[in-house]
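Both counts, for ligands and for their atoms, begin at 1 and track the order of listing. Bear in mind the structure is a predicted one, so any value in this text is a computation, not a measurement.
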Amino acid sequence: MLEVNSIDVSYGHAKVLHDVSIRLNQGEMVFIVGRNGAGKTTLLRTIAGFMTPTGGDITFEGQPIAGMAAEKVARRGVRFVAQDKKVFSDLTVKGNLELAAHASGEPLERATERLLKIYPQFEKFLDNKAGGLSGGQREILLIGRALVGEPQCLLIDEPTEGLAAIVIEDIFRILNEMKEKVSGIIVEQNLSVVARLADRIYIMKEGKIEREVVNPAEISDAAELECYL
Ligand SMILES: Nc1ncnc2c1ncn2[C@@H]1O[C@H](COP(=O)(O)OP(=O)(O)O)[C@@H](O)[C@H]1O
Ligand SMILES: [Mg+2]
């Protein structure tokens, strides 16, 4: 469904992605792991339309999307959840959803229902300002917001970063349930989450794909991946 073919990406004169190729098949949840600075975020941001590759191409459902504006990529059904867990703090939880509902033409009620389905605990926070949410709740709200309008593909950058173990399990459960309905490329450093969810894994190093793990079950323990982190 999504193909990244030999892309190069630079910040000014500094080239940070070199000849990167990855693919996402329908129904897959694919993970990207690698050290800080490896280029994981740059790769997701490029797919999402926030950066234009200087070489190579990206196709979604057979159509070229490289260099397309981020809003347009999102409307096509590829949604990006950034690493920074930034919500609209002054808006309520519902208000945050409403923006996405408005943009996608989905009724707010349906968007709210979906959010409560993935995380029933939000019921009592719906009218609270999003600025008061914990890091984990923000991430869940952002995932709920990305799911508005039922996109085909999610790109999620480090969903469990900085979260307590108990919330990481909530995020794990949400991603696991999501697998039924949406395909995804997820950048993740928590190898227990990766090992339990990944259909395939790409290991990035210094702006390149170092290795593709086609059958994560063959990785006997997380230690084998750890050397890349
Ligand atoms: N806005 C930016 N301007 C210049 N260089 C950047 C910028 N963002 C990231 N970089 C550089 O690009 C490389 C890849 O960064 P990034 O994609 O954030 O890696 P990761 O997400 O794997 O930690 C790093 O060397 C980083 O310093
Ligand atoms: Mg990053």
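- Proximity of Leu175 to Lys179: side-chain heavy atoms (C-beta onward) are nowhere separated by under 4.5 Å.
- For Thr41, heavy-atom contacts with ligand 1 shorter than 4.0 Å involve the backbone as well as the side chain.
- For the pair Arg76 (side chain) and Glu61 (backbone), a donor-acceptor distance under 3.5 Å is absent.
- Taking every non-hydrogen atom of Asn36 and a distance limit under 4.0 Å, the qualifying atoms of ligand 1 come out as 23 (O).
- Less than 4.0 angstrom separates atom 26 (C) of ligand 1 from none of the non-hydrogen atoms of the protein.
- Contact between Gly37 and ligand 1 is present, with at least one heavy atom of the residue lying under 4.0 Å from the ligand.
- Using a 4.0 Å cut-off to heavy atoms of Ala38, the atoms of ligand 1 that qualify are 19 (O), 20 (P), 22 (O).
- For atom 23 (O) of ligand 1, the protein comes within 4.0 Å by at least one heavy atom.
- Within the 4.5 Å cutoff, the side chain of Lys40 has heavy atoms near those of the Gln189 side chain.
- The closest approach between any non-hydrogen atom of Arg35 and ligand 1 is below 4.0 Å.
- The Mg ion (ligand 2) has an N, O or S atom of Gln83 closer than 2.8 Å.
- Atom CE in Met29 sits 4.0 Å away from atom CE in Met178 (nearest 0.5 Å).
- Taking every non-hydrogen atom of Thr42 and a distance limit under 4.0 Å, the qualifying atoms of ligand 1 come out as 14 (C), 15 (O), 16 (P), 17 (O).
- Panel note: side chain Arg200, backbone Val30; no donor-acceptor pair is recorded below 3.5 Å.
- By the criterion of a heavy-atom distance under 4.0 Å, neither the backbone nor the side chain of Arg45 is placed next to ligand 1.
- Checked by atom type, the side-chain pair Ser21/Asn5 shows no donor-acceptor distance below 3.5 Å.
- Residues forming a ring pair (Phe, Tyr, Trp, His ring centres under 6.0 Å) with Phe50 (at least two apart in sequence, or on another chain): Phe80.
- With hydrogens left out, the protein atom closest to atom 12 (O) of ligand 1 is Val16 CG1, 3.2 Å, a heavy atom.
- A side-chain donor-acceptor contact under 3.5 Å links Asn96 to the backbone of Phe88.
- Arg196 forms a cation-pi arrangement with Phe172, by the criterion of a distance under 6.0 Å to the ring centre and an angle within 45° of the ring axis.
- In this structure, Val93 is a member of the same hydrophobic cluster as Ile171, with clusters built from ILVMFWY side-chain heavy atoms closer than 4.5 Å.
- What sits closest to atom 9 (C) of ligand 1 on the protein, heavy atoms only, is Tyr11 CE1, 3.5 Å.
- Residue Gly39 has at least one N or O atom closer than 3.5 Å to an N or O atom of ligand 1.
- Residue contact annotation: Thr41 places an N/O/S atom under 2.8 Å from the Mg ion (ligand 2).
- Considering backbone and side-chain atoms together, Gln83 places no N or O closer than 3.5 Å to any N or O of ligand 1.
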